[in-house]
**Student:** 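First, the structure itself, so that you have it in front of you.
Quick caveat, the model's predicted, so the values are computed rather than measured. Each chain gets a letter, A, B and so on, in the order the sequences are listed, and its residues count up from 1.
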Protein chains: 2
Amino acid sequence: MVEMRRPTMTDVAREVGVTAKTVSRVLNDDGPVAVETRERVMAAVRKLGYQPNLMARNMRVGARDAAIGLVIPEMGNPFFGTVAGGIESAVRARGLTLIVGSSSETPELEQSLIAAFLARRVSALMIVPSAASDHRHLRSERVAGLPIVFLDRPAVGLTADSVVSANRAGARSGVAHLISYGHRRIGFVGDVPAALYTRRERFQGYRDALEAAGLPFDRTLVDTGHDADAAAQATLRLLALPAPPTALFAGNNLAAMGAVVALAKSGRKEVALVGFDDLPLAEVLDPPLTVVAQDPEAIGVAAAERVLLRLDGDRSRARGTLVPTRLIVRGSGEQPPRG
Amino acid sequence: MVEMRRPTMTDVAREVGVTAKTVSRVLNDDGPVAVETRERVMAAVRKLGYQPNLMARNMRVGARDAAIGLVIPEMGNPFFGTVAGGIESAVRARGLTLIVGSSSETPELEQSLIAAFLARRVSALMIVPSAASDHRHLRSERVAGLPIVFLDRPAVGLTADSVVSANRAGARSGVAHLISYGHRRIGFVGDVPAALYTRRERFQGYRDALEAAGLPFDRTLVDTGHDADAAAQATLRLLALPAPPTALFAGNNLAAMGAVVALAKSGRKEVALVGFDDLPLAEVLDPPLTVVAQDPEAIGVAAAERVLLRLDGDRSRARGTLVPTRLIVRGSGEQPPRG
DNA sequence: TTGTATGCGTTATCAG
DNA sequence: CTGATAACGCATACAA
């Protein structure tokens, strides 16, 4: 089978017997074109199956690619998927498409993805930074006017727009909720590395709540795991302490899943639990899981709106947007202390 | 602040005192370049913060964009997110990036996304078709040699590669499992529209299993809902029948979630249940949910491998790949008939 | 209403 | 080893 060359504007023009410029005029509703010419051009476009070449067009007009480059840690995580969905729905009306890459939480991949996006001349960059990355190298892009927004976690070494959950306030409210039900020994199941921004903030919220209630901070009540299984192990360790916690606060959704599994399998469902970040099926669990819910879609939408403002010429100073969390009371967090 | 023009190859060349072509040679490891010249070029590249312009390069070499356009129904759905992750990890080594758009399950958006991808001259197209769409318009692209793979559901009106779950066989095995535990009245909770490929296939698998066991097909035992809430309603309707089913087969993950919620809230946990597609936390449910699990990552990887073969020149006829499912036994599907 | 000349940033070709 | 020139597909500026 012959590998056919794709028809160009010139091919269409030749077919009709006009110049490429005339075809261009028709396609872009530019200058005036005779009605008949327009129709013949359109006919030729259909006949040849002509598809305009965006790359060539963008280059000529000196415009950037009508795309937004998005870097997320992993595709399969519904949190980031929903963020991406929020972004896409908010920018669709502007004709912007989304180019997504996942960094697997490694700075190297993140950087190479960013470089690929820059080489494509994307109109804006949206980044969920991986744990150990640094963003100084993006300074020149910022001064060149490229909109850059950081999601879920702020930039490191760079002043830039960011949109994150109200992690600290949310965690504080979740832990305060447990305290209001009488708990005085509350365990914290977090993720690793402890240096991760969200982990740090939520941990601070946990301590804020303890302090506000006049409760002592006991570091033996803090344990971690990097996935659900490890979080389950951490939960079991906490429950095995000489003076075990009567309630647990899980610092993210994987930690919450791990804690739920551990409590269920060890028959310790009387231990109160509040998770950070909502889970599907949380309401069907036994007991139904009380959570501090994030709003990933709102994060995506807020970030998109910021980018659109920047694209419209807003040159005001970088702003950090805090997306509120919401305590969803379902049962697991309202169990009183026992044992 | 001055909106600085981005440095071009010519800028770098001028800085060094050479021609653009020499810079090009350095950057692409093309022809021979004096060691000293190479070093001076690299220095200038760093100094000016030069980023090659992929659009210009692609245009000149006549190559397609090193990107794969992926159309999925929705971003937030972890199934599609995981598929995308599988694709990305499989094509990363080839330097291909992923451009993703969501169609919201509408043919119009799907088509406009495809057009946008074609205008960008992507190297390949991967499509999860929305329910009512038709793909005849892609015929010319296929003959032009553009690799196109359909995911999760096959193409309509077009012969093309596809990678889908073994829906029919999987559903059959799930229903057969229920039958093997003594159930003779098994309800089917499906999604709408009933014309959807996956729905049709899984429903056929359900009927296959009944027939193989010599059980009659009773259409009153079939009900549907387009989301979890509607599926919960459908479940309640089935349970309220004069002769209610003793077991349920849920045709997808939303249907399964709805069924789980309905059974839990109505206190009918003794009704056996098998879902198609796995759910997070399925093992912690009461009873733990038995499912026919799909392998979204494997679907993505298989599709990516097919695309890579096509890009390497494989012109053999279109192939349909079936990705096997796996029955995961957890408890809900092993409850005997009661009542 | 339409055409001509020119250039976007890059690379292929052929000289030097 | 390096440079000059043309060309990729398209749109801008101006002329006809």
Side-chain angles (χ1 to χ4, degrees), chain A residues 3-42 44-45 48-66 115-116 118-123 144, chain B residues 3-42 44-45 48-66 115-116 118-123 144:
Chain A
E3 185 82 37
M4 275 188 344
R5 192 177 59 83
R6 197 167 299 267
T8 75
M9 209 169 235
T10 314
D11 295 326
V12 176
R14 189 171 27 234
E15 176 83 13
V16 181
V18 293
T19 314
K21 179 62 219 176
T22 302
V23 177
S24 168
R25 274 196 267 262
V26 172
L27 265 39
N28 299 305
D29 269 323
D30 204 9
V33 182
V35 185
E36 197 221 328
T37 311
R38 149 170 277 107
E39 280 169 2
R40 285 169 52 217
V41 167
M42 294 309 286
V45 163
L48 300 183
Y50 168 74
Q51 296 266 4
N53 185 328
L54 248 194
M55 295 193 290
R57 174 177 216 288
N58 283 335
M59 204 174 76
R60 174 61 239 231
V61 291
R64 311 192 64 90
D65 190 357
L118 292 176
R120 254 190 198 75
R121 298 296 187 263
V122 293
S123 295
Chain B
E3 185 81 38
M4 274 190 345
R5 194 177 58 82
R6 198 168 298 267
T8 74
M9 208 170 237
T10 314
D11 295 326
V12 176
R14 189 171 27 235
E15 176 83 12
V16 181
V18 293
T19 314
K21 179 64 211 180
T22 302
V23 177
S24 169
R25 274 195 266 260
V26 172
L27 266 39
N28 299 303
D29 269 321
D30 204 9
V33 183
V35 186
E36 196 222 328
T37 310
R38 149 170 275 108
E39 279 169 4
R40 284 168 56 217
V41 166
M42 294 309 285
V45 163
L48 299 182
Y50 168 75
Q51 296 267 3
N53 186 329
L54 248 194
M55 295 195 288
R57 170 174 221 287
N58 283 336
M59 199 176 80
R60 174 61 242 225
V61 285
R64 311 193 64 91
D65 191 357
L118 292 176
R120 252 190 199 76
R121 299 294 188 265
V122 293
S123 296

**Student:** Output yes when B:Asp11 and B:Arg6 qualify as a salt bridge under the 4.0 Å nitrogen-oxygen rule, no when they do not.
**Tutor:**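 Looking at B:Asp11 and B:Arg6, the cut-off is not met.
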**Student:** Output yes when B:Asp30 and B:Lys21 qualify as a salt bridge under the 4.0 Å nitrogen-oxygen rule, no when they do not.
**Tutor:** yes
**Student:** Answer yes or no: does a side-chain N or O of A:Thr22 lie under 4.0 Å from OP1 or OP2 of C:dG3?
**Tutor:**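 Yes, within the criterion.
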**Student:** Heavy atoms under 4.0 Å, any strand shown: does A:Thr19 hit a base, just sugar-phosphate, or nothing?
**Tutor:** base
**Student:** What is the per-nucleotide protein-contact pattern of nucleotides 7-16 of chain C, from the 5' end, where B denotes a base atom under 4.0 Å from a protein heavy atom, S denotes such proximity for sugar-phosphate atoms only, and - denotes neither?
**Tutor:** BBBBBB----
**Student:** Specify the separation, in whole Å, of atom CD of A:Glu36 and atom P of C:dT1.
**Tutor:** 13 Å
**Student:** Quick one: A:Met55 CE to D:dA11 P, roughly how many Å, whole number?
**Tutor:**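 Taking atom P of D:dA11 as the reference, CE of A:Met55 is at 14 Å.
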**Student:** For residues 48-56 of chain A, run the donor-acceptor check on the side chains, cut-off 3.5 Å, and write out each pair with its distance to 0.1 Å, sequence neighbours left out.
**Tutor:**
residue: A:Asn53; atom: OD1; partner: A:Met55; partner atom: N; Å: 2.9
residue: A:Asn53; atom: OD1; partner: A:Ala56; partner atom: N; Å: 3.2

**Student:** Rounded to the nearest 0.5 Å, how far apart are CZ of A:Arg14 and OG1 of A:Thr8?
**Tutor:** 7.0 Å
**Student:** Please determine if A:Arg38 and A:Asp29 form a salt bridge, counting it only when a charged side-chain N lies under 4.0 Å from a carboxylate O.
**Tutor:** yes
**Student:** In whole angstrom, what separates B:Arg40's CZ from D:dT2's C1'?
**Tutor:** 12 Å
**Student:** Determine whether A:Thr19 and A:Thr10 make a side-chain contact, defined as any pair of heavy atoms from C-beta on separated by less than 4.5 Å.
**Tutor:** no
